[in-house]
Amino acid sequence: EPEVTQTPSHQVTQMGQEVILRCVPISNHLYFYWYRQILGQKVEFLVSFYNNEISEKSEIFDDQFSVERPDGSNFTLKIRSTKLEDSAMYFCASSEVRLTNEKLFFGSGTQLSVL
Amino acid sequence: RKEVEQDPGPFNVPEGATVAFNCTYSNSASQSFFWYRQDCRKEPKLLMSVYSSGNEDGRFTAQLNRASQYISLLIRDSKLSDSATYLCVGYGGSQGNLIFGKGTKLSVKP
């Protein structure tokens with residue numbers, strides 16, 4: 001089965017630093033997403049991306065966050081000036097079409113620890 | 001605000017048992033629902049979609065009751081490998097995103 005790949009699997013950073021989380025969605029997919037899960041909490045939607053622009057974003061996704069598709073394969077999440085509460089597992093996902101009943105493929109996640 | 005609520009468990013059952021999970025949702029406009037499975041510190045994986053007519057996939061049966069805004073998952077003849085957290089998920093509609101419940105933890109014992 002095709003996979004969404006994320007790097008790194010673990011990222012440790014100091015508070016106030018910038019981090020970039022990287023994802024390679026499935027090659028023929030058109031919609032890309034970032035979700036996060038704070039330890040012991042729900043998986044939460046951050047942002048969806050289509051046709052090189054953000055299509056939806058949650059209230060969590062404020063000016064501290066940005067997404068980019070710098071080339072034909074990568075999809076990145078940048079977190080500026082990280083805070084302790086940004087510590088979470090960040091999941092990238094992709095789907096072939098706009099999500100309704102279509103299957104959403106998740107990557108294995110990047111565990112971000114902000115110290 | 002759209003929410004999906006689940007009993008967090010844990011449900012501790014012996015192998016071979018039948019176990020049922022329930023979930024309620026607050027937004028009647030949600031059109032699509034899913035059950036995902038999440039192993040410890042892993043990504044969520046789609047288990048099955050949920051339809052009003054009910055659907056079955058092997059040992060798993062899902063039901064949706066729109067009038068009561070209630071979703072269920074039944075697991076028959078549970079296996080050790082079924083041990084995981086089961087996430088009830090609704091489609092956020094125009095927001096183009098999934099609304100996850102906090103999950104129900106299942107532990108199947110020998």
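This structure is a prediction, so every number in the text was calculated from the model and none was measured. In what follows, every chain begins at residue 1, and chains take the letters A, B, ... in the order their sequences are listed.
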Worksheet entry | chain B contact via A:Phe106 - which portion, at a heavy-atom distance below 4.5 Å |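 For A:Phe106, heavy atoms of backbone and side chain both lie under 4.5 Å from chain B.
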Worksheet entry | Heavy-atom proximity to chain B below 4.5 Å, by part of A:Leu39 |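 Just the side chain, heavy atoms under 4.5 Å.
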Do [X] and [Y] have side-chain atoms, one donor and one acceptor, less than 3.5 Å apart?
{"X": "B:Thr104", "Y": "B:Gln6", "value": "yes"}
{"X": "A:Lys83", "Y": "A:Ser81", "value": "no"}
{"X": "A:Gln37", "Y": "B:Gln38", "value": "yes"}

Practice prompt. Heavy-atom distances under 4.5 Å only: say whether B:Lys102 touches chain A with side chain, backbone, both or neither.
Written response: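 For B:Lys102, heavy atoms of backbone and side chain both lie under 4.5 Å from chain A.
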Worksheet entry | Contact winner vs chain A - B:Gly103, B:Pro44, B:Pro8, B:Gly101, heavy-atom pairs under 4.5 Å |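 Ranked by contacts with chain A, first place is B:Pro44.
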Discussion item. Using 30° and 60° as the class boundaries, would you call the ring planes of B:Phe21 and B:Phe11 parallel, tilted or perpendicular?
Written reply: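 The arrangement is perpendicular - the two ring planes meet at more than 60°.
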